[in-house]
Amino acid sequence: VTAKETTVTSKIYDLIYSGASPDQVKEDLLPLLDFQEEGIPMQALSRMVTERLTPHLVQYSHPAFHSLYNFFPEKGALLGGGVALRYNQGVTNWQVSPGGVMLEELCLQALCRLFEFPHTSDATFMYCGTYANQQALYLALHRHAEAHGFDLAQKGLKGFSHPERLAVVVSQDAHFSLKHAVRSLGLGEDSLVVIPSDAKFRLDVQHLRLKLPELKKMKDIFCIVTTAGTTSTGTIEPILPLIEISRDIGAWLHVDGAYGFAYSLLPELKILFIGSEQADSVAWDPHKQFGVPIPNSVLFLQRKSDFERMAIYGEYFNRKDDPEPNPGLKSPPSTRPLSALPLVTTLRYLGLNGIRARLRAPLQAIQSLAEELSSASDIQVCNQPQTGILCLRYLSPHLSEKHSDGLQRYLYDRTKTEGIRSISMTRIADKLALRLVAISPTVTFDSLWDTVEYLRKSAQEYKPA
Ligand SMILES: Cc1ncc(COP(=O)(O)O)c(C=O)c1O
């Protein structure tokens, strides 16, 4: 296989990715999937992967990558990730990896202290934020069943006399993983009570308070979810008032901090997270900002004892009387990666000061951009960024509301096709908006500004259908 046979050339490295179409990518990749009886020499295989696949992978460290939460591994993470990969340790129990399970347990205890959870707390590594949210809701429902006098693990939903009343309160901007969670718990999406957001894109606590008396007549609310860093705008929703409400009604309070919780390490933002240390559970994705290999997610619990709700003991594995640490009892997968190691090596290599500097730089860039654009006549700034996300709408005096949405879609599609910059799109108050995410330290004010100018130029070429 030579470079000439592929659809792309080396200049693609200036791009976010090759810019190839799905058909071109497929054509390049098919020879890799030609499974044969005989193996091929390592050198040829390596060239094949480098030439046929890597051009089509996204350059997350590109300064013009402003769309999603992905990150190339940073140096400390590469060290830990390399060792984890070389030894391919499963981290279920002592027998599988004494060093792995002890490192995981110690790392999680240290993280509980770092994020100021109480001494009763504990945590587990999860495959992703989606599963962390799902497990939090299961634990909430398990505790609710216990209050109703039965064991959810044994009886399931049929233990409830009125399962149709079971409900989870979420905000309008909650991540779609909460839908997955209620689907897989067998509750269905109808069990989500969606509370509208206020003018600042936060779960409207006042609205919830007013609605509660009527809700309580019709529903058994077993969990309230607040999002610390919503996916659309990066807003930190209220935590403390929801802790109060959840305690009043006997519900579990889960904080979905998959994206935002990392920013609680910044002293200047800490105030936004007050109350998270009292939540029943908090989900956090180090694989979003920390530059650690995917998967790397954490679920914190206020009470270590709540993990017992997950435990399934076996005869050959995960025995109840095993005296050693057994992290595999805290979440369903019995084969679990050594996620702790790259996180530990990142934290030790960069130090907390280095981590804070990496978190802070892109936030400052996005805030400066919001300020700079606040007086622009052709761009509407949709949110005042609390974290690293800024949503914009390009405007034209000649466009109706309907065509304004068309303009945002045109800009998004065109940017995606050209492949030299990467942005995302969201919906805010029923209107399409372009979403810029600053997560990597390579994203600066200048690189964001170049994207704004690129979109401005493209907007001039928009012709409504
Ligand atoms: C707020 C929030 N929650 C949950 C998730 C899901 O996390 P994961 O992609 O790790 O499953 C995301 C992902 O972007 C998110 O932004």
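Both counts, for ligands and for their atoms, begin at 1 and track the order of listing.
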Shortest reach to atom 14 (O) of ligand 1 by a heavy atom, considering only Tyr69, Phe176, Tyr131: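 Checking each option, the heavy atom nearest atom 14 (O) of ligand 1 is found in Tyr69.
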Are a donor atom and an acceptor atom from the side chains of [X] and [Y] found within less than 3.5 Å of each other?
X	Y	value
Thr346	Glu74	yes
Ser232	Thr230	no
Thr426	Arg435	no
Gln386	Tyr263	no

His287 neighbourhood, listing ligand 1 atoms whose heavy-atom distance to it stays under 4.0 Å: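 With His287 as reference, the close atoms of ligand 1 come out as 10 (O).
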Hey, is ligand 1 close enough to [X] that some N/O pair sits below 3.5 Å?
X	result
Gly229	no
Ser177	no
Thr227	no
Tyr259	no

Salt-bridge present (Lys330, Glu105; N to O < 4.0 Å):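 Looking at Glu105 together with Lys330, the answer is yes, because their closest N to O distance falls below 4.0 Å.
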Mode of Asp285 contact toward ligand 1 - side chain, backbone, both, neither (heavy atoms, under 4.0 Å):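 Answer for Asp285: side chain.
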Residue and atom name of the nearest protein heavy atom (relative to atom 13 (C) of ligand 1), distance in Å to one decimal: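 For this ligand atom, the closest protein heavy atom is Lys288 NZ, 3.2 Å.
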Ring geometry between Trp284 and Phe300 (parallel below 30°, tilted from 30 to 60°, perpendicular above 60°):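 Ring orientation of Phe300 relative to Trp284: parallel.
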